[in-house]
Chemist: 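Let me give you the structure first, and then I'll get to my questions.
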Amino acid sequence: MSFKDERRALTREKRSSALSHYDGTIGQLINDTAGSEIRQRVRTFSQSSSDDIIYALRALGGIRDSAVIIHGAIGCAESGIFWGKDREIPWYSTNLDERDSIMGGDDKLQKAILRAYEETSPAAIFIVGTPVVAINNDDVHSVILELEEELGIPLIAISTDGFKSKTPLSGLDIVSHALLRHVIGPASEDPLKGDDSVNVISFLDSGENVLAVLRILRELGIKTRLLPQFASIEEIANAAKAKGSIVLNSDEGEYLALELEEVYGVPYIRTEAPVGIRGTKRFIQKIRKAFGIRGSLPQSLAHLESEAERYVNLKPLAGASVFLDLPLPLAPPFVEFVEQLGGDVGGLSVDTVDLSNRRMIEELDGLAHSLPVLVANGQPFEKANILSKNKMDYYFAVRDSGAFALAGGALPISLTGVGIYGFEGVRNIVTSIKRSEQAKLFGIHSGLTEETAYKPSWLRKSPNWYIKQEVK
Amino acid sequence: MGDKTNIARPRNGCALHGALWTVEEIRGAVPIVHANAGCSFQSSLSLWAGGGGSPKFSGSAVPSTNSQERHIIFGGASRLREQIKNTVKVVDGDLYVVLTGCEAAMVGDDVDAMTKEASDQGLQVIDSQTPGIRGDVHQGYEQVMSDLVEKIPGLKGYPAPEKDEKLINVFGILPHQNFTFRGDLAEIRRILEGAGYHVHTFFGPVDGVEELKRAPGAALSISFSRWGDKAAESLQRQYGIPVLKREAPPTGYAAARDLLETVAELVPADKERLQSFLAAEKETFSYYLGTLRDIFYEKNISRRIAVVGDEAEVTALSHFLTDYLGACVENAIVTDFLPADGQSEDERREKLSSLAENVSFTQDSHEIARIVRHSGAGILVASSLERAVARAAGIELLETTFPVFDSVALGASHTGIHGALELSREYISAVLRADAGRKERVVEEIVVGG
């Protein structure tokens, strides 16, 4: 049975045994994830992190011509301030209160849908579930049934709840599932009505990273359809017509690509994240091979490559030990890139490991098996512990500032606003290292090198002290 | 009318967020959120959109139970017990404050029992029930501040503070929701200390948990917005500390003088010191304002404006811009409100009517945009959420209230003497930008043609 036949996407834990609580070494992690199921763990002390709702909101906010209704208490829509900062997103909260949590919020939802429709003329309206609605078991589908025909646009329930999965990526699966069931249409049987474009699937990648990949594909003469980020509903609807799909971050987009392949026969072209010179070259090679592109590399890409080599030759990490905090699909090429820059990876933290991506852990087999590895969304207390025991020079963070690392003696290099993909990414990462070096006195002047939030007794303990085997 | 219906592009977080921002900003206090993982993270994202600055325990550093389905089905009290016990072992703090979200309220977790169990063991733990379904960010501040002053004295080993006849507690200025809260509190402290008082602002580089513990020893509590009343009244009820309720923080010399003179009636001041301080403040204020004389008259700075923000912000800014810089407030749009409290809203509308031609109560961004479009204002004093409407309507935007994007507040203030001068600088700069834009359009029409 296709995933599409399910009413909602399964959580990552159920679908692929996703593990988001782990602390050990790379050798142990390879062993512990080798079977047909990955044993779940829990944290008995934890810190805040994203959840499926936040990831779903981020993904839906990236779609150009839809409206989003957050069906919950007012605070559940708060991240809209962040996601909508650079682009005004039609974003509504049903503003549920205590009475609604008892009596149900159907009326408010109905009003919000009608209002969003009248005010923004969207091509689709997404209704995002929250804990209040999930606990109360509000009947969102009845409201949708009542209004969908009248309005003539898809009204799509996104059945997030904030508590069924420990992996925020489940929110992207729920969105993917909803797009497959309600937006993406079958390809025409007439091959002439298909198109010659390639789906470029991206959910959370920064605009800089998306642009870097699009530039490469355009230079290779490949026509692209970016989705769901930056796309219109119509563009998403046509995804089944493409001649293939590639994914910028497989943790985020592989579910959609696999489903497009299984349901509509759109081939999924597996690539790796184009990080570093070698990673970018492998990405280009796989694309060229998949589309039968022959001949030498276009002049512009060859020029960018030689530029990138100039930056690599500066060896800005020579002799340095580096902690990497990044999504797993970025880890193998990033590790290789750090080594190319002269550094050694001394520790690694990734968001999640599951049965579909553990091959990437296996790709890290070349690293010392005693290398500390953490699987965590956030949880800086464990990272601080690892840094206190393992001297690192740099802390690379892809999701946040990494400022806490200063107290552990590592210089943070945040890549949140930096394009790291492609040959341009090489220049950007090297420049970030140089800038951090230049600004290292800030940590001293601001007292951050002295200030830790954690007790010395915790820093002396083993970093996996609060991770326990889950009892079912 | 309170906003009971849906809200377009909401600007206010929920009660949990307001409480969390409050606890995060108290030095020595550690929040423990009992909710699902994303509840507190949402509030951190909205902070990162602006430049308010991230406190030590924000974002992924906030201890949180990260409730899962099993905690919803079987109850999350034991998970909370585990989290409290372990937070105290991992995170350095003087006071641990449990803040609850919607799930705990809906499934009926016995949070009080878990907190009591910990505090009975001598741990410095209190709780505040702040589910998002019970209110927005303002109610969160109100609830947690009141819980802090009420519950801290009940903790084991609490040393009853000695009475300080010059000590004043300051309430009602909300962390982050009031964009310049750090600078505003510092300026209020400077003014009150200048007149010889001792001050607890509870936030900022000097104050923290210790000051909260000493709050019952104060001679007066001042509440600078309705959201500070509950905490101040609690201290009044328990310890007989009188409360001075102000509609807004003082902006400008006259408001600062009025504040000090009113305070002096309640808490005696050294008269000579007070007069000497006021004289020096007046001289400073007049000196800087006087340097604007040419620009003020040459550019005819008086403008029609619309002001958006919390009631206290709207009141303070409208008063100052009207009285000192000749602004005419066409629309006052208030974004905080009491739910289902019609009588209170009528009173508030009446008060604000003396400041503005039109008064509205809404936090709905589309409704605010509609009002602004029809306001006829040349300058809009509002948040970054009004950027689009300001751009479309050709109105110069001065961003003063949450959220403010791409800007850092640090110690900037819109309160007191220094804050009033900063506000004057920002406002007149906005007027000058608006004029420069108009001139460019004139030249363009002359050169290019209509």
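Owing to the predicted nature of the structure, the values given are computational and were not obtained by experimental measurement. Per chain, numbering begins at 1; letters A, B, ... match sequence-line order.
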Chemist: Between Arg115(A), Arg399(A), Gln379(A), Lys164(A), which shows the greatest number of heavy-atom pairs under 4.5 Å with chain B?
Modeler: Arg115(A)
Chemist: I'd like to know which of Asn12(B), Leu385(B), Val137(B), Val107(B) tops the heavy-atom pair count under 4.5 Å against chain A.
Modeler: Asn12(B)
Chemist: Could you tell me which portion of Asp400(A) (side chain, backbone, both or neither) has an atom closer than 4.5 angstrom to a non-hydrogen atom of chain B?
Modeler: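 Only the side chain of Asp400(A) comes within 4.5 Å of chain B.
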Chemist: Which atoms of Ser401(A) are under 4.5 Å from chain B, going by heavy atoms: the side chain, the backbone, both sets, or neither?
Modeler: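 Neither part; nothing is under 4.5 Å.
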Chemist: As an exercise, state the distance from CD of Glu98(A) to CZ of Arg134(B), rounded to the nearest 0.5 Å.
Modeler: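 Here the interatomic distance stands at 4.5 Å.
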Chemist: Examine whether an atom of Thr65(B) lies under 4.5 Å from a heavy atom of chain A, and if so say whether it belongs to the side chain, the backbone or both; otherwise answer neither.
Modeler: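 When you check distances to chain A, only backbone atoms of Thr65(B) fall under 4.5 Å.
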Chemist: Heavy-atom cut-off 4.5 Å, strictly under: side chain, backbone, both or neither for Arg43(A) against chain B?
Modeler: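 Contact with chain B is through the backbone of Arg43(A) alone.
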Chemist: With a 4.5 Å cut-off on heavy-atom pairs, point out which of Ala77(A), Gly72(A), Cys76(A), Ser457(A) contacts chain B the most.
Modeler: Cys76(A)
Chemist: Hey, are Thr130(B) and Ser128(B) close enough side-chain-wise for a donor-acceptor pair under 3.5 Å?
Modeler: no
Chemist: Find out whether Thr335(B) and Asp310(B) are in side-chain contact, i.e. whether some heavy atom of one side chain is under 4.5 Å from a heavy atom of the other.
Modeler: yes
Chemist: Please rank Ala384(A), Ala134(A), Ser93(A), Gly378(A) by heavy-atom pairs under 4.5 Å with chain B and give me the top one.
Modeler: Ser93(A)
Chemist: Tell me, side chain or backbone of Arg79(B) under 4.5 Å from chain A's heavy atoms, or both, or neither?
Modeler: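 Arg79(B) touches chain A through side-chain heavy atoms alone.
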Chemist: Regarding Glu24(B) and Ser58(B), is there a side-chain donor-to-acceptor distance under 3.5 Å anywhere?
Modeler: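 No, no side-chain donor-acceptor contact under 3.5 Å.
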Chemist: Hey, are Thr100(B) and His34(B) close enough side-chain-wise for a donor-acceptor pair under 3.5 Å?
Modeler: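 There is no such pair between these side chains.
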Chemist: Counting heavy-atom pairs under 4.5 Å to chain A, which of Ile72(B), Leu16(B), Val30(B) comes out on top?
Modeler: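 Answer, by heavy-atom pair count under 4.5 Å with chain A: Ile72(B).
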Chemist: Considering only heavy atoms, which portion of Tyr454(A) lies under 4.5 Å from any heavy atom of chain B: side chain, backbone, both, or neither?
Modeler: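 It is both, since atoms from each part get that close.
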Chemist: Side chains of Ser462(A) and Asn464(A) only: does a donor on one sit below 3.5 Å from an acceptor on the other?
Modeler: yes
Chemist: Heavy-atom pairs under 4.5 Å with chain B: which of Val68(A), Ile81(A), Asp51(A) has the most?
Modeler: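 Of Val68(A), Ile81(A), Asp51(A), Ile81(A) has the most heavy-atom pairs under 4.5 Å with chain B.
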Chemist: For the pair Arg9(B) and Glu88(A), find out whether any cationic side-chain nitrogen is under 4.0 Å from an anionic carboxylate oxygen.
Modeler: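 Salt bridge flag = yes for Glu88(A) with Arg9(B).
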Chemist: Using heavy-atom distances under 4.5 Å, tell me whether Thr44(A) contacts chain B through its side chain, its backbone, both, or neither.
Modeler: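 For Thr44(A), heavy atoms of backbone and side chain both lie under 4.5 Å from chain B.
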Chemist: Shorter than 4.5 Å, heavy atoms on both sides: which option in Ser101(A), Ser50(A), Pro131(A), Gly80(A) has the most such pairs with chain B?
Modeler: Ser50(A)
Chemist: Tell me which of these, Ala112(A), Ser46(A), Gly75(A), Ala73(A), has more heavy-atom pairs under 4.5 Å with chain B than the rest.
Modeler: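 Winner by heavy-atom pair count: Ser46(A).
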Chemist: Quick one: which of Val91(B), Ile84(B), Val90(B), Ile32(B) has the most heavy-atom pairs under 4.5 Å with chain A, could you say?
Modeler: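 Looking at each option in turn, the highest pair count goes to Val90(B).
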Chemist: Would you mind telling me which of Tyr92(A), Trp91(A), Phe126(A) makes a side-chain contact (heavy atoms from CB on, under 4.5 Å) with Ile70(A)?
Modeler: Trp91(A)
Chemist: Which bit of Lys89(B) is near chain A, if near means a heavy-atom gap under 4.5 Å: side chain, backbone, both or neither?
Modeler: both
Chemist: Flag the one option from Gly135(B), Ala61(B), Gly59(B) with the top tally of heavy-atom pairs under 4.5 Å to chain A.
Modeler: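 Max contact count across the listed options: Ala61(B).
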Chemist: Which answer fits Thr452(A), side chain, backbone, both or neither, if we ask what part of it has an atom under 4.5 Å from a heavy atom of chain B?
Modeler: backbone
Chemist: Is it true that, when you exclude Arg99(A) itself, more than 12 heavy atoms of the residues, nucleotides or ligands shown sit nearer than 6.0 Å to its CZ?
Modeler: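 Atom CZ in Arg99(A) is not packed in, count stays at 12 or less.
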Chemist: Checking Arg11(B) against Ser383(B) for the side chain to side chain donor-acceptor pair (under 3.5 Å) test, could you report, in this order, the C-alpha distance in whole Å, the side-chain angles of both residues, the deciding distance, and whether it holds?
Modeler: CA-CA 9 Å; Arg11(B) 62 197 60 216; Ser383(B) 80; 3.3 Å; yes
Chemist: So Trp458(A) and Phe381(A), would you call those rings parallel, tilted or perpendicular, with 30° and 60° as cut-offs?
Modeler: tilted
Chemist: Under 4.5 Å from any heavy atom of chain A, what part of Val33(B) do you find: side chain, backbone, both or neither?
Modeler: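 Val33(B) has no heavy atom closer than 4.5 Å to chain A.
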Chemist: When you check the side-chain N and O atoms of His366(B) and Glu119(A), is any donor under 3.5 Å from an acceptor?
Modeler: yes
Chemist: Heavy-atom distances under 4.5 Å only: say whether Ser40(B) touches chain A with side chain, backbone, both or neither.
Modeler: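 Both backbone and side chain of Ser40(B) come within 4.5 Å of chain A.
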Chemist: Relative to chain B, which segment of Leu57(A) carries a heavy atom at a distance below 4.5 Å: side chain, backbone, both, or neither?
Modeler: side chain
Chemist: Of the backbone (N, CA, C, O) and the side chain (C-beta and beyond), which part of Pro10(B) lies under 4.5 Å from a heavy atom of chain A, both, or neither?
Modeler: both
Chemist: Give a yes or no on whether the backbone of Trp465(A) and the side-chain of Lys468(A) come within a donor-acceptor separation of less than 3.5 Å.
Modeler: yes
Chemist: Taking atom NZ of Lys14(A) as the centre, does the number of heavy atoms from other residues, nucleotides or ligands within less than 6.0 Å exceed 12?
Modeler: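 Counting neighbours around NZ of Lys14(A), 12 or fewer heavy atoms of other residues, nucleotides or ligands fall under 6.0 Å, so no.
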